[in-house]
Amino acid sequence: MTLRLGEELRDAAELVPAYDLVDGAYGRARRHRARRRAAAVAAVMVLVALVVVAPMGWHRFEAEPATPSPTPPSLPERVSKPRPGIKTVEQAPPGRASVVFGSGDSQDLTVVGEGQDVYRRVPGSDSPYAGEQSILSPDGSRLAVPDGVVDLMTGVFTEYPPIAEKPDVVVPQAWSRDGRWLAAISHMAKPGEDGRRVPGRATLFLYDQIRDISRAVEVLDPTDLLDGYAVAFAENGWMAYQSGRTISVVRPEPTRNVVISHFDAPEGARLAGRGAWHPDSGRLNLLRQERCCDGDAYPSRWQLVAVHPHTGAGTPTRYRELPGLVAVRQIGWSPSNEPVLVTLSPVAGAEVAGFVTGTRTLVPDHGHTDQRRVESARLVILARDGRERTVLSAPSREMTSIDVADRVIAAGSSPAVAPARPADRGRWWVAGAALVALAGAGLVARRRRPPG
Amino acid sequence: MDDEQYPGFRDFVSARGPALSRAAYLLTGDHHAAEDLVQAALARVLRHWRKLSDGDPESYVRRTMYHLQMSWWRRRRVAESLAAVPPEPGGDDPHRTTALRMSLERALGELSPRQRAVIVLRYYEDMTEAQAADMLGCSVGAVKRHAHDALARLRTRAPHLIDEEVGRRDLAIG
């Protein structure tokens with residue numbers, strides 16, 4: 001034991017003043033009860049809807065029959081929120097993963113083993129959004145999360161090597177296509193005018209997996225960053241990143257970056273996601289939002305725009321608008337060179353949000369992809385004829401964020417993994433469970449009612 | 001009204017609050033963050049107070065504190081909501097002690113949350129590696145790795161905190 005360290009720790013601890021604990025704890029508990037009551041009401045309403053809707057026709061939620069695939073890697077066609085009690089990646093490493101996804105009602109992320117019916121929970125009491133603050137490596141063997149990388153082959157968590165300043169939090173953004181570089185942003189807060197701490201400094205850095213070192217790339221505009229839309233790597237090794245309106249393109253080398261270009265994105269446009277580079281590395285997709293149009297239930301339309309990476313000038317490539325979505329993010333390209341997109345559909349009544357929502361906060365769930373705003377996430381291919389082809393989906397609220405390994409995207413989509421908890425066990429089973437839950441909720445409510 | 005709803009809670013906090021606050025301060029290095037951390041953990045124990053009040057609520061609060069502190073999401077939230085000016089620390093603060101404490105705080109500030117939690121558990125709470133692993137919900141190997149990395153970093157940044165011979169032995173074992 002290190003006696004001197006222990007003594008110093010005890011000496012420092014002795015000087016700690018008395019904190020106001022009781023009233024603070026009571027206040028928090030009261031706020032928690034209020035939130036729980038609101039959630040219980042919402043849950044009962046959902047259960048009632050289930051009881052009414054399920055017997056009438058569950059076909060919309062049925063999982064496709066699982067078809068074993070002889071050639072991994074492949075993408076599951078459908079996933080479900082895993083049953084409670086599944087093992088963590090540390091307890092039972094799943095090996096290479098095809099998908100990582102988050103469920104809006106759960107704080108856990110789930111990884112799906114590649115080519116197997118294996119679901120594993122990512123350890124941690126509160127998980128980031130898949131594809132925004134947690135990114136699968138191109139081969140699916142590692143998962144970058146805030147503060148470090150989880151090796152899915154061994155279950156070992158490794159923290160990012162230190163950089164010059166100690167940040168409040170480090171958030172991964174994108175892996176290079178060969179898996180050597182991981183781009184991440186370190187955030188430091190500063191005191192704001194009203195005493196709250198606000199984004200103070202954000203530094204983009206590169207984590208070299210071969211030499212196990214980090215090095216800073218550039219200090220970014222901390223008030224205008226969006227996880228999942230900040231960095232994209234090209235097949236030729238180039239990296240594009242965005243700070244404010246400025247998009248920079250560099251070629252990372254072991255000890256320095258070679259600058260290729262800088263240009264301003266059109267007003268309101270962002271890098272389309274970590275898969276924004278075209279497969280030939282000759283064009284870069286941006287994403288813009290139109291808050292329109294008359295008659296749309298959710299008045300927001302997203303559109304990919306292809307630009308030249310040296311100048312930012314537009315190209316003739318045209319994509320159709322995607323209406324009615326909370327968010328769109330490009331994570332790659334299909335084998336036939338069509339954009340592979342994550343699309344987030346809104347819950348009923350959600351207010352329209354966009355890139356500017358929550359950019360001046362440190363908390364991701366104030367942003368436009370806030371999971372409370374998302375009904376479901378899907379992985380779609382935007383086909384050449386303009387139609388969207390869904391290649392991965394889940395029952396409502398069971399998948400609200402996604403990331404998919406590049407290796408799996410490149411292999412194309414073919415159903416391989418059966419849901420860990422198939423949704424097609426029978427409409428009457430669901431209805432019966434809903435009835436039991438409803439009765440249970442009623443009993444609990446009765447018991448909680450004060451006497452008299 | 002709250003005291004009636006949670007009988008014995010105020011007495012529990014009066015008795016154990018100072019010890020919990022000390023551990024929280026070592027974990028966070030900031031009085032506001034420490035107060036926030038203990039409050040958050042106590043609020044969670046209140047959810048199960050009827051069950052826990054007859055058992056060992058302190059161990060539940062401690063476990064919750066360590067898990068919350070390692071949570072990146074919470075750190076982001078706390079970073080956003082903390083007041084800018086920390087409260088005045090109480091008690092005597094002799095000049096020499098202050099200088100040493102600053103050095104300790106700076107050195108601990110160099111550690112990651114996981115490394116820091118392991119250092120506090122091992123060398124302040126005097127827990128074994130197995131107990132620390134149980135508290136943090138990770139493997140003994142992970143505790144060893146974090147302790148090894150933390151001691152190596154402390155040895156570089158604040159060598160006076162590490163007993164030379166013993167520190168080397170700890171690093172070798174780790």
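FYI, side chains are in, hydrogens and waters are out, and symmetry mates aren't considered; it's all heavy atoms of this structure. Order of the sequence lines sets the chain letters (A, B, ...), proteins ahead of strands, with each chain counted from 1.
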Student: I'd like to verify something: which residue of R153(B), R47(B), Q39(B), R22(B) has the highest number of heavy-atom pairs under 4.5 Å with chain A?
Tutor: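 Option with the top pair count is Q39(B).
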Student: With a 4.5 angstrom heavy-atom cut-off, is it the side chain or the backbone of R31(A) that approaches chain B, or both, or neither?
Tutor: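 Answer is neither: R31(A) stays 4.5 Å or more from chain B.
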Student: Below 4.5 Å from any heavy atom of chain A, which atoms of A34(B) appear? Answer side chain, backbone, both or neither.
Tutor: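 Contact with chain A: backbone and side chain both.
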Student: R63(B): what forms a salt bridge (charged side-chain N to carboxylate O under 4.0 Å, His left out) with it, not counting sequence neighbours?
Tutor: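 So R63(B) forms a salt bridge (charged side-chain N to carboxylate O under 4.0 Å, His left out) with D134(B).
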Student: Could you tell me how the ring of Y19(A) sits relative to the ring of H31(B): parallel (under 30°), tilted (30 to 60°) or perpendicular (over 60°)?
Tutor: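 It falls in the perpendicular class, over 60°.
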Student: Check each atom of Y160(A) against the heavy atoms of chain B and say whether the ones under 4.5 Å are side chain, backbone, both or neither.
Tutor: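 Neither part; nothing is under 4.5 Å.
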Student: Hey, does E159(A) have a side-chain heavy atom less than 4.5 Å from the side chain of H146(B)?
Tutor: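 Answer yes - side chains close enough.
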Student: Is the Lys NZ or Arg CZ of R10(B) less than 6.0 Å from the centre of Y26(A)'s six-membered ring, within 45° of the axis?
Tutor: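 So R10(B) doesn't make the cation-pi contact.
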Student: Just so I know, are the side chains of L9(A) and I119(B) near enough to count as touching, which here means a heavy-atom distance under 4.5 Å?
Tutor: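 Sidechains of I119(B) and L9(A): in contact.
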Student: Would you say R33(A) has more than 12 foreign heavy atoms packed within less than 6.0 Å of its CZ?
Tutor: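 More than 12 heavy atoms, drawn from other residues, nucleotides or ligands, come within 6.0 Å of this atom.
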Student: Who among V156(A), V145(A), D23(A), D20(A) has the most heavy-atom pairs with chain B under 4.5 Å?
Tutor: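 Ranked by contacts with chain B, first place is D20(A).
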Student: At a heavy-atom separation under 4.5 Å, does S139(B) approach chain A through its side chain, its backbone, both, or neither?
Tutor: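 S139(B) touches chain A through backbone and side-chain heavy atoms alike.
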Student: Within a strict 4.5 Å, meaning less than it, do heavy atoms of the P18(B) and V16(A) side chains meet?
Tutor: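 They are not in side-chain contact.
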